[in-house]
> 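The structure under discussion is supplied below as structure tokens; questions concerning it will follow.
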Amino acid sequence: MVAMGHVDPVERRFWARETSSDWWDRIVLQVWDESQWLPNFRMRKGTFLELCELLSPALKRQDTRMRAALTIQKRVAIALWKLATPDSYRSVANQFGVGKSTVGVAVMQVAHAIVDLLLSKVVTLGDVQVIIDGFAVMGFPNCGGAIDGTHIPILGPEHQGSQYINRKGYFSMVLQALVDHKGRFTNINVGWPGKVHDARVFKNSGLFRRLQEGVYFLD
């Protein structure tokens, strides 16, 4: 029948689950004001747009014949929403009209882009004297920063899992953070198992070495 021309050609179609991004495209981007952006994305819309611009070199993607690539703004928004809220991947996927696996990919892409393009530029020790003066005004003379450790929850690893159980009884990694007089991050150290004491993390950090060598906070 094909040879005789009795069968009409049929355009090949790819199956994909129908999703809707109206909530993001028509409500969040066009209607939401700052009072809605701040609690949900932890930043103002202007900051969000600036962040998208800064990350664009690492997040640009091309459309394919099968589907259009997610915009940079939507990928950054998905990642920020997941990081800023306790929502599950499935919940975030339904919210933005994408697949659950797409949420996971977006979070990792944006995280890697932030580390590659922004971390070394944004998280810096800065002008030490300005920070010392700022703390002095607050009543803390001769202070170059406020430091503490916090536990980032993780899934239990397959190997040496007991090392990641912290004193509160859940699996975690330790994040050590130094902030200036305005609460801005100036140094971070992350990756130690949750069981490790804050003092050990500090003594093995790059910040401690800089202090010992007189590179930071000379006096």
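Along the sequence shown, residues are numbered consecutively beginning with 1.
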> Would a hydrophobic clustering, with Ile, Leu, Val, Met, Phe, Trp and Tyr connected at side-chain separations under 4.5 Å, put Val215 with Ile147?
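No, Val215 does not connect to Ile147 through the hydrophobic network.
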> Without swapping roles, check the side chain of Lys45 against the backbone of Leu29 for a donor-acceptor pair under 3.5 Å.
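Checked: pair present.
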> Less than 4.5 Å apart, side chain to side chain, heavy atoms only: is that true for Pro193 and Met173?
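Side chain of Pro193 against side chain of Met173, heavy atoms only: no contact under 4.5 Å found.
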> Between Leu70 and Thr102, is any pair of side-chain heavy atoms under 4.5 Å apart?
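Yes, at least one pair of side-chain atoms sits under 4.5 Å.
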> Roughly how far, to the nearest 0.5 Å, is CE of Met138 from SG of Cys143?
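Spacing of SG (Cys143) from CE (Met138) equals 8.5 Å.
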> Can you check ring pair (Phe, Tyr, Trp, His ring centres under 6.0 Å) on Trp37 and Trp81, steps first, answer last?
CA-CA 10 Å; Trp37 273 88; Trp81 189 282; 9.4 Å; no
> How close do Asn189 and Gly206 get, heavy atom to heavy atom, and via which atoms?
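Heavy atoms of Asn189 and Gly206 come nearest at ND2-N, 4.4 Å.
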> With sequence neighbours excluded, tell me which residues meet side chain to side chain contact (heavy atoms under 4.5 Å, CB included) with Lys121.
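Residues passing side chain to side chain contact (heavy atoms under 4.5 Å, CB included) with Lys121: none at all.
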> Distance check, rounded to the nearest 0.5 Å: Lys82 atom NZ versus Gln95 atom CD?
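The NZ atom of Lys82 sits 13.0 Å away from the CD atom of Gln95.
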> Side chains of Leu59 and Arg75: does their closest heavy-atom pair fall under 4.5 Å?
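Side-chain contact under 4.5 Å: yes.
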> With ring pair (Phe, Tyr, Trp, His ring centres under 6.0 Å) as the test, would you mind laying out the steps for Trp23 and Trp32 before giving the verdict?
CA-CA 11 Å; Trp23 173 79; Trp32 274 19; 5.7 Å; yes
> Linking I/L/V/M/F/W/Y whenever any side-chain heavy atoms sit under 4.5 Å apart, do Leu54 and Phe41 land together?
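Yes; Phe41 is reachable from Leu54 via cluster members.
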> Starting from Tyr170, can I reach Leu175 by hopping between I/L/V/M/F/W/Y residues whose side chains sit under 4.5 Å apart?
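Different hydrophobic clusters.
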> Parallel, tilted or perpendicular for Trp24 and Phe96, by the 30°/60° rule?
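Geometry flag for Phe96 against Trp24: tilted rings.
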> Would a 4.5 Å heavy-atom cut-off, applied to side chains only, mark Val128 and Tyr216 as touching?
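They are in side-chain contact.
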> Rounded to the nearest 0.5 Å, what separation is found between the CG atom of Leu207 and the CD atom of Gln176?
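With rounding to 0.5 Å, CG (Leu207) is 6.0 Å from CD (Gln176).
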> Walk me through it: do Leu80 and Leu51 pass the test side-chain contact (heavy atoms from CB on, under 4.5 Å)?
CA-CA 11 Å; Leu80 291 178; Leu51 179 62; 4.2 Å; yes
> Kindly indicate whether the side chain of Asn187, heavy atoms from C-beta on, has any atom under 4.5 Å from the side chain of Thr124.
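Not touching, per the 4.5 Å side-chain cut-off.
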> Before you tell me yes or no, could you show the steps for Arg209 and Asn204 under side-chain contact (heavy atoms from CB on, under 4.5 Å), namely the whole-Å CA-CA distance, both residues' side-chain angles and the distance that decides it to 0.1 Å?
CA-CA 8 Å; Arg209 289 192 295 274; Asn204 285 276; 5.8 Å; no
> For Leu178, run the side chain to side chain contact (heavy atoms under 4.5 Å, CB included) check against Val123, Ile188, Leu125, Asp148 and tell me which one passes.
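Only one of Val123, Ile188, Leu125, Asp148 forms a side chain to side chain contact (heavy atoms under 4.5 Å, CB included) with Leu178, namely Leu125.
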> Please collect all ring-ring contact (aromatic ring centres under 6.0 Å, His included) contacts where either partner lies in residues 178-206, sequence neighbours excluded, each pair once.
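Residue pairs with at least one partner in residues 178-206: Phe202-Phe208.
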> For the residue pair Val92 and Ile78, establish whether any side-chain heavy-atom pair is separated by less than 4.5 Å.
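Counting from C-beta outward, Val92 and Ile78 do come under 4.5 Å.
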> Heavy-atom distance under 4.5 Å between the side chains of Pro141 and Phe135, does that happen here?
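A side-chain contact is absent here, since even the closest heavy-atom pair is not under 4.5 Å.
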> Are Val31 and Arg26 packed together at the side-chain level, in the sense that at least one heavy-atom pair is separated by less than 4.5 angstrom?
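With C-beta onward as the side chain, the pair stays apart.
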> Rounded to the nearest 0.5 Å, what separates atom CD1 in Ile154 from atom CZ in Phe171?
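It is 8.0 Å, given to the nearest 0.5 Å.
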> Evaluate side-chain contact (heavy atoms from CB on, under 4.5 Å) for Leu38 paired with Arg44, printing each intermediate quantity in order.
CA-CA 5 Å; Leu38 273 171; Arg44 295 179 173 82; 4.1 Å; yes
> Please answer: with hydrophobic residues joined when any side-chain heavy atoms are less than 4.5 Å apart, are Ile27 and Phe48 in the same cluster?
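They do share one cluster, since a chain of ILVMFWY contacts under 4.5 Å joins Ile27 to Phe48.
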> Looking only at heavy atoms, what is the nearest atom pair of Glu34 and Pro39, with distance?
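Closest pair (atom of Glu34, atom of Pro39, distance): O-CD, 4.3 Å.
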> Does anything in residues 183-198 pair up under salt bridge (charged side-chain N to carboxylate O under 4.0 Å, His left out), and if so which pairs, sequence neighbours excluded?
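Only Asp180-Arg184 qualify under salt bridge (charged side-chain N to carboxylate O under 4.0 Å, His left out).
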> Could you check whether Gln36 and Asn40, counting side-chain N and O atoms only, form a donor-acceptor pair closer than 3.5 Å?
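No, no side-chain donor-acceptor contact under 3.5 Å.
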> Would Ile152 and Ser172 count as a side-chain contact (heavy atoms from CB on, under 4.5 Å) here? Give the steps.
CA-CA 5 Å; Ile152 308 300; Ser172 69; 5.7 Å; no
> Might you point out which heavy atoms bring Gln30 and Asp25 nearest each other, and give the distance in Å?
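So the minimum-distance heavy-atom pair works out to NE2-O, 3.1 Å.
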> With hydrophobic residues grouped by side-chain heavy-atom distances under 4.5 Å, do Tyr164 and Val190 end up in a single group?
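No, Tyr164 and Val190 fall in different hydrophobic clusters.
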> Determine the minimum heavy-atom distance between Ala58 and Ala113, stating which atoms define it.
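Closest approach of Ala58 to Ala113: CB-CB, 3.8 Å.
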> Write down the atom of Ser56, the atom of Glu53, and the distance for their closest heavy-atom approach.
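Scanning both residues completely, I find the closest heavy atoms to be OG-O, 2.8 Å.
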